[in-house]
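These notes are about the structure you will find just below.
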Amino acid sequence: METDLLFADDDQPPPPEDGAEPWIVLIADDDPEVHAVTRLALGGLRYKGRRLSLVSALSAGEAAAILRCTPNAAIILLDVVMETDDAGLRLVRTIREDLNNHAIRIILRTGQPGQAPEEDVVLAYDINDYKSKAELTAKKLFTSVVAALRAYADIVALETNRRGLQQIIQSTDRLFELRCMQQFAAGVLTQLSVFLRVKPDAILCAQRGAAGRPLPDGAFYVLAGAGCYAEAAGQTAAPTGAVIPPALAGRITEAFRSRRSHYGANETTLFIRVPDGHEVAAWIHTDRPLDEVDRGLVEVFASKIALSFANVSLYERLREANETLEARVAERTRALEAANAKLERLATVDPLTAVWNRRHFLDLAAAELGRAHRHGRRLSVILLDLDNFKAVNDGHGHAAGDEALRTAVVRAREALRTSDQIARFGGEEFVALLPETDLAGARIVAERVRAAIAGSPVVTDGRAIPITASLGVAEWNASEPSIELTLRRADAALYEAKLAGRDRVCVADEPKAPGHP
């Protein structure tokens with residue numbers, strides 16, 4: 001039985017925040033003018049009734065020292081270049097790893113974006129925002145700071161709820177040990193019977209049903225029963241029902257109606273108003289009328305029960321709130337990871353053919369060229385163009401053209417080696433990078449790719465469409481500072497293959513036979 005459903009929260013207005021401690025914002029920058037401008041832009045900002053306390057540091061070392069003494073700082077506006085070119089980035093590592101501070105929001109500001117590219121920094125460092133000083137107007141700074149404060153407040157609230165939950169769990173009070181509402185309700189009846197020194201024939205009721213459902217007029221929900229009423233626990237009772245005797249049901253109903261306790265000759269009905277605004281009623285058989293002293297003690301005991309009810313209800317609400325917050329954090333984390341993975345894929349992969357795109361290929365080629373240059377290795381490229389793509393696309397439709405491209409890529413990948421990289425270079429043109437491969441080896445691979453593509457027609461919508469490809473091959477030489485020059489020679493070879501009748505391989509700078517144009 002869930003307490004939070006029986007004693008749901010009422011909407012309460014937020015407490016006044018006048019006099020609340022300020023949000024601490026650390027400005028870490030070696031340019032005093034940046035500090036002055038930032039203070040001018042943020043000096044009047046108030047969020048949730050709290051002003052900002054702006055703390056300045058002119059170096060990463062000074063900022064680290066301040067953070068060690070100020071673990072409750074909400075935001076750091078961090079410059080990249082200070083004592084060293086990467087002082088700010090090093091400080092990010094210090095904050096997250098050495099200081100183990102994952103709550104503070106880090107807004108990276110740099111006047112030299114080229115020195116710390118945004119994509120590289122966001123992926124490699126645990127920061128929350130990246131801004132160029134040139135584009136960071138007062139309005140944008142205001143927006144970034146408010147968004148960061150909102151996130152920081154949510155994180156702090158989550159941690160506060162966790163700590164509160166742990167404090168409740170550590171409670172050693174006898175009633176608090178019964179953290180399940182059903183067990184707690186049964187414990188209340190047991191303690192009440194012991195207190196009054198009577199046999200435990202008793203019942204405890206609430207005006208809300210299981211799962212917080214509203215009940216018909218005059219009905220109530222039995223939280224717990226003891227003795228001859230033990231079987232009534234968990235059921236809904238009414239004055240005319242069969243769950244409990246009508247006379248007893250009438251006593252409970254009257255207590256809820258009058259909001260007063262009733263003392264009879266051999267029974268007591270306690271009306272208990274819980275501090276959170278909800279109401280419960282306990283009935284117990286006493287065997288005797290209670291005198292004034294007993295009644296006074298029972299009222300005190302009832303007030304303690306009310307406080308216990310409120311704390312157990314709070315415990316279960318906090319537990320649910322904590323679970324909900326953790327679930328939301330996990331859900332948002334998964335969504336963010338999925339979004340980042342999707343963005344990374346879109347930035348590197350051609351969506352139609354699922355091979356690398358031009359931009360990512362050039363990055364891979366530059367890295368491979370660097371290795372080839374350092375270690376004296378061979379490196380070749382193949383440019384591939386689907387000969388009849390335009391005819392397929394115009395004559396059979398875009399779907400057939402797309403299928404021809406996908407099929408050509410699949411066949412090319414099967415013919416290439418595992419170490420080779422293939423990418424879509426644009427339109428129907430593809431490029432393959434062949435590490436540690438000389439011109440002769442590249443020609444063999446290119447012939448294998450050409451044969452694989454032309455091996456069988458593409459079947460789409462029941463039609464068999466033949467496809468062929470022309471290929472140009474070139475080997476990188478040490479005089480070429482970039483792969484683009486090698487690609488130009490491969491493109492010239494590809495053009496030669498087209499002129500020679502298509503469906504063939506031509507090699508750049510290959511000696512011509514006598515009489516060859």
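Everything numeric here is computed off the predicted structure, so don't read it as measured data.
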List the atom of [X], the atom of [Y], and the distance in Å for their closest heavy-atom pair.
X: L52; Y: P22; answer: C-CB, 4.2 Å
X: D30; Y: P32; answer: O-CD, 3.5 Å
X: N357; Y: A347; answer: ND2-O, 3.0 Å
X: L439; Y: A508; answer: CD2-O, 4.0 Å
X: P435; Y: L379; answer: CA-CD1, 3.7 Å
X: R96; Y: N101; answer: NH1-O, 2.8 Å

When L384, T353, L416 are each screened for side chain to side chain contact (heavy atoms under 4.5 Å, CB included) with I422, the one that passes is L416
Paired with T437, the side chain to side chain contact (heavy atoms under 4.5 Å, CB included) test is passed by just one of R417, R378, R377, namely R417
Measuring from [X]:[atom1] to [Y]:[atom2], what's the distance to the nearest 0.5 Å?
X: W476; Y: L369; atom1: CH2; atom2: CG; value: 5.0 Å
X: I453; Y: E414; atom1: CD1; atom2: CD; value: 11.0 Å
X: K48; Y: R150; atom1: NZ; atom2: CZ; value: 8.0 Å
X: L471; Y: D387; atom1: CG; atom2: CG; value: 8.5 Å
X: K131; Y: L108; atom1: NZ; atom2: CG; value: 11.5 Å
X: S56; Y: I27; atom1: OG; atom2: CD1; value: 4.5 Å

[X], [atom1] atom: more than 12 neighbouring heavy atoms under 6.0 Å:
X: R488; atom1: CZ; result: no
X: H375; atom1: NE2; result: yes
X: R359; atom1: CZ; result: no
X: R39; atom1: CZ; result: yes
X: H373; atom1: NE2; result: no
X: E33; atom1: CD; result: no
X: R406; atom1: CZ; result: yes

Q. Could you go step by step and tell me if E368 and I483 meet the side chain to side chain contact (heavy atoms under 4.5 Å, CB included) rule?
A. CA-CA 9 Å; E368 192 61 47; I483 201 68; over 6 Å; no
| message | If you apply the rule side chain to side chain contact (heavy atoms under 4.5 Å, CB included), what do you find for V449 with D420, and how did you get there? | response | CA-CA 12 Å; V449 171; D420 301 332; over 6 Å; no
How about [X] and [Y]: do any of their side-chain heavy atoms sit closer than 4.5 Å?
X: L149; Y: R50; result: no
X: T333; Y: V329; result: yes
X: L487; Y: F425; result: yes
X: I467; Y: R411; result: yes
X: N128; Y: I107; result: no
X: Y130; Y: T110; result: yes
X: V381; Y: R489; result: no
X: F430; Y: L405; result: yes

Partner of R109 under side-chain hydrogen bond (donor to acceptor under 3.5 Å, both in side chains), chosen from D79, T38, D29: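 The single option meeting the side-chain hydrogen bond (donor to acceptor under 3.5 Å, both in side chains) with R109 is T38.
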Parallel under 30°, tilted from 30 to 60°, perpendicular over 60°: which one fits the rings of W23 and Y47? tilted
*asked:* Looking only at the side chains, is there a donor atom on one of D385 and S470 sitting less than 3.5 Å from an acceptor on the other?
replied: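 There is no such pair between these side chains.
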Ring pair (Phe, Tyr, Trp, His ring centres under 6.0 Å) against H360, all qualifying residues, sequence neighbours excluded:
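Partners of H360 by the ring pair (Phe, Tyr, Trp, His ring centres under 6.0 Å) criterion, ordered by chain and then number, come out as W356.
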Check: R448 side chain, A415 main-chain N or O, donor-acceptor pair, under 3.5 Å
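Indeed, once roles are kept as given, a pair shorter than 3.5 Å links the two residues.
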Between R334 and E337, does the salt bridge (charged side-chain N to carboxylate O under 4.0 Å, His left out) criterion hold? Intermediate values first, please. CA-CA 5 Å; R334 288 192 297 269; E337 290 174 349; over 6 Å; no
Which donor-acceptor pairs under 3.5 Å do side chains of residues 57-74 form with protein atoms, sequence neighbours excluded?
{"residue": "S59", "atom": "OG", "partner": "E62", "partner atom": "N", "Å": "3.1"}
{"residue": "E62", "atom": "OE1", "partner": "L58", "partner atom": "N", "Å": "3.0"}
{"residue": "T70", "atom": "OG1", "partner": "I66", "partner atom": "O", "Å": "2.9"}

Check step by step if side chain to side chain donor-acceptor pair (under 3.5 Å) holds for T460 and E403. CA-CA 7 Å; T460 176; E403 184 61 26; 5.8 Å; no
Taken in chain and number order and not counting sequence neighbours, the residues that satisfy side chain to side chain donor-acceptor pair (under 3.5 Å) with S419 are none
